[in-house]
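See below for the structure under consideration.
These numbers come from the heavy atoms of this one structure, side chains and all, not from hydrogens, waters or symmetry mates.
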Amino acid sequence: MMETIVTLGPWIWLILAAALLVFEMLAPGIFFMWFGLAALVTGVVALRYEIAWQWQLIWFCGLSLVTVILVNRYLRKNPTETDAPLLNQRAAQLIGQTYELVDPIENGRGSVHAGDTIWRVEGPALPKGAQVTVRGADGSILKVEPAKTDA
């Protein structure tokens, strides 16, 4: 295997780049692209200059690391605008909603039925059936307070 890789020389990087860029098109997100670009640059440099395969591997790892760090910094400074920013944050989607307790809050813990899930909640002691409003979330535990009524 290693002999085949060494025999192919710079072309192995171009083949790897093509494979990673195809994975990028098939997989959601932008993960493989940076490794694919690093493999492409490594292949082009290796075609132009005669470099030992060990240095090519080091070059690829270094370029991959640099591209991932740079893209990560860029994406943190320029977050992607979306019409559904809470799409994969189910607990955050419940904040501000009012639900009925299916289990009373005792010793600070109880539960509500929201959507198709029973959520554990934390809040002041309240009986079963009381209305609570979700004010926050800590992982999968909802922070609740008694719902305000219009009476």
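- Within the structure, salt bridge (charged side-chain N to carboxylate O under 4.0 Å, His left out) pairs that include any residue of residues 121-133 comprise R109-E122, E122-K143 (at least two apart or interchain).
- L21 and F35 fall within a single hydrophobic cluster, where Ile, Leu, Val, Met, Phe, Trp and Tyr are joined by side-chain heavy atoms under 4.5 Å apart, directly or via other members.
- In the hydrophobic clustering of this structure, L70 does not group with L20; members are Ile, Leu, Val, Met, Phe, Trp, Tyr whose side-chain heavy atoms approach within less than 4.5 Å, directly or through other members.
- Taken together through direct or relayed side-chain contacts under 4.5 Å among Ile, Leu, Val, Met, Phe, Trp and Tyr, I58 and W53 form parts of separate hydrophobic clusters.
- Pairs of residues two or more places apart, or lying in two chains, never qualify as salt bridge (charged side-chain N to carboxylate O under 4.0 Å, His left out) while including a residue from residues 66-78.
- The shortest distance between side-chain heavy atoms of L40 and L14 falls below 4.5 Å.
- When side chains are defined from C-beta on, R90 counts as touching W119, because their heavy atoms get closer than 4.5 Å.
- Hydrophobic clustering places L57 together with V68 (ILVMFWY residues linked when any side-chain heavy atoms are closer than 4.5 Å, directly or through intermediates).
- Among all heavy-atom pairs drawn from Q93 and Q97, the shortest one is O-CG, 4.1 Å.
- Between V132 and L101 the shortest side-chain heavy-atom distance falls below 4.5 Å.
- Atom CD of Q54 has more than 12 neighbouring heavy atoms from other residues, nucleotides or ligands inside a 6.0 Å radius.
- Closest heavy-atom contact between A17 and G36: CB-O, 3.4 Å.
- With rounding to the nearest 0.5 Å, the separation of CD1 in I95 from CD in Q89 is 9.0 Å.
- A heavy-atom distance below 4.5 Å is found between the side chains of Q56 and W13.
- Separating the OG1 atom in T98 from the CD atom in E145 is a distance of 9.5 Å, to the nearest 0.5 Å.
- Using a 4.5 Å heavy-atom cutoff, the side chains of L16 and F60 are in contact.
- Inter-residue side-chain proximity for V41 and W59 is flagged as met; some heavy-atom pair is nearer than 4.5 Å.
- A91 approaches A137 most closely through the heavy-atom pair CB-CB, 3.6 Å.
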Please list, one pair per line, the donor and acceptor atoms closer than 3.5 Å that link side chains of residues 23-33 to other protein atoms, with sequence neighbours excluded.
unit_1	atom_1	unit_2	atom_2	d
E24	OE1	F31	N	3.1
E24	OE1	F32	N	2.8
E24	OE1	M33	N	2.9

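- Contact detail for S111 and V121: the closest heavy-atom pair is N-CG2, 3.6 Å.
- Considering only heavy atoms from C-beta on, W34 stays 4.5 Å or farther from L63 through its side chain.
- In this structure a side-chain-to-backbone donor-acceptor pair under 3.5 Å is present from N78 to Y74.
- In R120, the CZ atom is not crowded: 12 or fewer heavy atoms of neighbouring residues, nucleotides or ligands sit closer than 6.0 Å.
- No side-chain heavy atom of T42 sits less than 4.5 Å from a side-chain heavy atom of I51.
- Considering all non-hydrogen atoms of both residues, G123 and I105 come closest at O-CG2, 3.2 Å.
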